[in-house]
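Values in this document were obtained by computation on a predicted structure and should not be read as measured data.
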Amino acid sequence: MNVFRLLGDLSHLLAIIILFVKIWRTNSCAGISGKSQVLFALVFTTRYLDLFTSFISVYNTVMKVVFLALAYATVYLIYLRFRGTYDSENDSFRVEFLLVPVAGLSFLEYSDFTPLEILWTFSI
């Protein structure tokens, strides 16, 4: 296994866990962008659809499932569990200005014209 991939995965996992624990311990999601967390969940979902089509390794599968679970758990905490502390007025990023061009570009730049490949391209 590549040591740089391992360090990258572990630091990413640590960052997500720190965010999750911060929300859970303070019982608040103040100052956290719910829209960015939804975008993270969307990116992980479209990138990791290969879980259903190919097996690379146990490590790879476990990390993908953990990243997906934590991304959706964070979205759950922000929009459902602690929705009273979510400041939607300050979370003003216009997601459509990002998603529409990226979706369009994913149809222009791909290596194989299949739904999974286009969704993976969208995730980058």
Is it the case that the side chain of [X] and the backbone of [Y] share a donor-acceptor pair, with hydrogens and angles ignored and the cut-off at 3.5 Å?
X     : Y     : answer
Thr85 : Cys29 : yes
Asp91 : Gly34 : yes
Lys35 : Val95 : no

Minimum heavy-atom distance [X]-[Y], with the two atoms named:
X     : Y      : answer
Glu96 : Pro101 : O-CD, 3.8 Å
Ser33 : Ser36  : O-OG, 2.9 Å
Ala71 : Ala41  : CB-CA, 3.9 Å
Lys64 : Asn60  : CE-OD1, 2.8 Å

Hydrophobic cluster membership, with links at side-chain heavy-atom distances under 4.5 Å among I/L/V/M/F/W/Y: are [X] and [Y] in one?
X      : Y      : value
Leu19  : Leu77  : yes
Val100 : Leu105 : no
Tyr48  : Leu70  : yes
Leu6   : Ile16  : yes
Ile32  : Tyr76  : yes

Atom [atom1] of [X] and atom [atom2] of [Y]: how far apart are they, to the nearest 0.5 Å?
X     : Y     : atom1 : atom2 : value
Phe40 : Thr45 : CZ    : OG1   : 13.0 Å
Arg5  : Met63 : CZ    : CE    : 8.5 Å
Arg47 : Leu68 : CZ    : CG    : 11.0 Å
Leu98 : Phe93 : CG    : CZ    : 4.5 Å
Ser92 : Asp87 : OG    : CG    : 9.5 Å

**Message:** Between Gln37 and Tyr79, is the side chain to side chain contact (heavy atoms under 4.5 Å, CB included) condition met? List the steps.
**Reply:** CA-CA 10 Å; Gln37 296 306 312; Tyr79 285 106; 6.0 Å; no

**Message:** As a quick check of understanding, evaluate side chain to side chain contact (heavy atoms under 4.5 Å, CB included) for Leu99 and Phe122, giving each step before the final call.
**Reply:** CA-CA 9 Å; Leu99 289 182; Phe122 171 84; 3.7 Å; yes

**Request:** Report the C-alpha separation of Ile56 and Thr61 in whole Å, then their side-chain angles, then the decisive distance to 0.1 Å, and conclude whether the side chain to side chain contact (heavy atoms under 4.5 Å, CB included) test is met.
**Result:** CA-CA 7 Å; Ile56 296 170; Thr61 302; over 6 Å; no

**Request:** Determine whether the side chains of Ser28 and Tyr86 contain a donor N or O and an acceptor N or O closer than 3.5 Å.
**Result:**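 No pair is found: no donor N or O on one side chain lies under 3.5 Å from an acceptor on the other.
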
**Asked** Does the side chain to side chain contact (heavy atoms under 4.5 Å, CB included) test come out yes or no for Tyr59 and Asp9, once each step is laid out?
**Response** CA-CA 11 Å; Tyr59 170 80; Asp9 285 346; 2.6 Å; yes

**Request:** For the pair Phe44 and Phe67, name the ring-plane relationship: parallel under 30°, tilted 30 to 60°, perpendicular over 60°.
**Result:** parallel

**Asked** Pick from Val43, Ile78, Val75: which one makes a side-chain contact (heavy atoms from CB on, under 4.5 Å) with Val38?
**Response**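 In the set Val43, Ile78, Val75, the residue that makes a side-chain contact (heavy atoms from CB on, under 4.5 Å) with Val38 is Val75.
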
**Asked** Is the number of heavy atoms from other residues, nucleotides or ligands within 6.0 Å of CZ (Phe55) greater than 12?
**Response**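 Yes, the 6.0 Å shell around CZ holds more than 12 heavy atoms from other groups.
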
